[in-house]
There are 2 protein chains.
Amino acid sequence: MTRKRISESTIHRLSLYYRALSLLEKENYETVSSKELAKREKLTPAQVRKDLSFFGTFGTRGLGYPVRELKHQISSILGIDRVWRVALVGVGNIGSALVSYKEFAKQGFQIVKLFDNDQRKIGSNHKGIVISDIANLETELREANIEIVVLAVPATVAQYITDDVVRAGIKAILNFAPVNLKVPPDIYLRHENMSMELEYLSFALVNNHVPKRNS
Amino acid sequence: MTRKRISESTIHRLSLYYRALSLLEKENYETVSSKELAKREKLTPAQVRKDLSFFGTFGTRGLGYPVRELKHQISSILGIDRVWRVALVGVGNIGSALVSYKEFAKQGFQIVKLFDNDQRKIGSNHKGIVISDIANLETELREANIEIVVLAVPATVAQYITDDVVRAGIKAILNFAPVNLKVPPDIYLRHENMSMELEYLSFALVNNHVPKRNS
DNA sequence: TCATATATGTGAAAAGGTTCACAAGAATAT
DNA sequence: ATATTCTTGTGAACCTTTTCACATATATGA
Ligand SMILES: NC(=O)c1ccc[n+]([C@@H]2O[C@H](COP(=O)([O-])OP(=O)(O)OC[C@H]3O[C@@H](n4cnc5c(N)ncnc54)[C@H](O)[C@@H]3O)[C@@H](O)[C@H]2O)c1
Ligand SMILES: NC(=O)c1ccc[n+]([C@@H]2O[C@H](COP(=O)([O-])OP(=O)(O)OC[C@H]3O[C@@H](n4cnc5c(N)ncnc54)[C@H](O)[C@@H]3O)[C@@H](O)[C@H]2O)c1
């Protein structure tokens, strides 16, 4: 268990390193320097080395990092060297897109349960999964040993469903609805907010923005 | 033109304030304190006041901020008090979901052009927009006066299409493909990376993470 | 009119995150 | 063997962001 407190930015960059390493592996690189890794994800070599140093010493001086080995280490740090059982609530536009996305499963996020409140959808088979009735959310989340819930429901019902999800003992939620959900402090809650990124672009264009620090 | 350099975090929080203010307006609030605004978006009152202070003085001591007025001010700062002409490339799973999403248009992001390379899709009418051939990307982006391009194509072709988009004079790109795109320094490029958020949840669960600073 | 309560706006302090710079380890060439 | 080159790992310096704390301004009630 990581006892040092790691910043969110570092964790996000681990995802980037993982992605870059996957590509490097495909390109048959044996080793990679912090310089090359940094270049591929628009970061600095010092940043790469500092981030990795929080978790151990993975490199060889004069040579760099072993690609396969480091990739494996990062997947272990991120906890994606295993399968996570994920449920998705709201099989609408965005929900359907997420279910169809094969990369999630490849990274260990396996969507094994779908929920909706639309009678036309309930019971139907969607990409090999039968859509469950939202009325049975709590019991079925428990029975299926779900660990992560993805919310793709209208903003108006998101809080209500969240309360149910929390009651089912779920500790991690990814929310696509543009609303700030109230959850107990021991729940990990993340938001996917696409409007925010569009609004950033809008701001940047209008103000000719030069960020103080780069993303 | 904002000459002071504003941090990305501040801009992202402006989006949150805007969202909260929209709701407050619906709830018929006349004024709102930094305290209430902070509570609704899980921030601190000082943070709210500091952020707003970068752009002017909008509040009244002893009373708070006028909801309608502040909302309007923020929409002007973010540049969403106007219509942006957006094109979307790749009308697949996620692309279709984005086109169907009415909130974008309500916030001024109007998707007016769709592109794909699939012959079965080209020429067909999708939510009132005829899908164009990717072969005509550059000319049609220019002719339609597109200002923002959303990329929802496979990662393998994303860089290639980006080069075209840049050649068409587009200055703002929102990319959904999990790949770091190379663009000239005067282009605003943002990434929507859903795996990253899932991986954060995974990390948090595995490591019992307490972030150093909250999101 | 005055007292009290409320809440902003903002310098200054504190906390956090990034970059620098270099000692030290390892590979490679001579 | 030794020199040279390369590149890591990491304290310390630097820069950015957040939080604190309070002077200041307004509203409200007596
Ligand atoms: N579509 C997008 O591109 C997009 C982009 C950003 C954010 N979002 C957000 O994602 C969420 C879903 O958007 P969407 O476009 O997929 O909407 P949608 O209407 O297509 O899908 C919502 C789904 O949720 C189901 N649902 C409604 N109430 C429910 C309930 N009480 N219990 C269970 N299921 C319920 C509906 O039957 C539907 O299948 C919304 O909050 C939206 O704001 C969507
Ligand atoms: N579906 C998801 O939930 C999801 C989640 C995260 C990221 N993404 C990313 O979003 C992108 C799209 O994903 P998707 O699931 O919608 O895939 P998809 O295959 O359903 O859609 C891709 C679309 O792009 C079109 N396309 C392919 N090559 C093209 C080209 N050269 N020019 C123009 N159009 C072209 C295809 O015809 C198709 O319509 C991918 O990069 C994916 O990694 C998707």
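Only heavy atoms go into these numbers, but all of them, side chains included; no hydrogens, no water, no symmetry mates. Quick note on labels: first sequence line is chain A, next is B, and so on, each numbered from 1.
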Asks: Under 4.0 Å from OP1 or OP2 of D:dT19: is there any side-chain N or O of B:Gln47 that close?
Replies: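 Indeed, a polar side-chain atom of B:Gln47 lies that close.
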Asks: Does C:dA7 have its OP1 or OP2 closer than 4.0 Å to a side-chain nitrogen or oxygen of B:Ser34?
Replies: no
Asks: Treating A:Gln159 as the side-chain partner and A:Lys182 as the backbone partner, does any N or O pair qualify as donor plus acceptor under 3.5 Å?
Replies: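 Yes: the side chain of A:Gln159 pairs with the backbone of A:Lys182.
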Asks: Using the rule given for side-chain contact (heavy atoms from CB on, under 4.5 Å), can you reason through B:Tyr17 versus B:Leu43, listing the C-alpha separation, both sets of side-chain angles and the distance that settles it, and then say yes or no?
Replies: CA-CA 10 Å; B:Tyr17 303 147; B:Leu43 301 165; 3.6 Å; yes
Asks: What nucleotide, of D:dT10, D:dT26, C:dA27, holds the atom closest to the side chain of A:Thr60?
Replies: C:dA27
Asks: Can you figure out which of D:dG9, C:dA7, D:dT7 approaches the side chain of A:Thr57 most closely?
Replies: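 When the side chain of A:Thr57 is considered, D:dG9 is the closest of D:dG9, C:dA7, D:dT7.
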Asks: Considering only side-chain heavy atoms of B:Ser53, which listed nucleotide, D:dG11, C:dT10, C:dT8, is closest?
Replies: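 Nearest listed nucleotide: C:dT10.
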Asks: Looking at B:Thr10 and B:Asp51, would you say the former's side chain and the latter's main chain have a donor-acceptor pair under 3.5 Å?
Replies: no
Asks: Taking only the side-chain nitrogens and oxygens of B:Ser7, find out if one of them lies under 4.0 Å from OP1 or OP2 of D:dT16.
Replies: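 Indeed not, no polar side-chain atom of B:Ser7 lies that close.
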Asks: Can you check nucleotides 21-24 of chain C for protein contacts, nitrogen or oxygen pairs under 3.5 Å, and list what you find?
Replies:
residue, atom, partner, partner atom, Å
C:dA21, N6, A:Arg49, NH2, 3.3
C:dA24, N3, A:Arg61, NH1, 3.0

Asks: Picking from A:Arg85, A:Arg142, A:Lys171, A:Arg82, what satisfies salt bridge (Lys or Arg N to Asp or Glu O under 4.0 Å) with A:Glu147?
Replies: A:Arg82
Asks: Is the distance from OP1 or OP2 of C:dG9 to the nearest side-chain N or O of B:Tyr65 less than 4.0 Å?
Replies: yes
Asks: Just to be sure I understand the rule, does B:Lys50 reach a base, reach only the sugar-phosphate, or reach nothing, if contact means heavy atoms closer than 4.0 Å?
Replies: base
Asks: Main chain of A:Gly64, side chain of A:Ser33: is a donor-acceptor contact present, judged purely on distance under 3.5 Å?
Replies: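 The answer is no, because no donor-acceptor pair under 3.5 Å joins these two groups.
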Asks: Which atom pair, heavy atoms only, marks the closest approach of A:Asn207 to B:Ile77?
Replies: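 So the minimum-distance heavy-atom pair works out to ND2-O, 3.2 Å.
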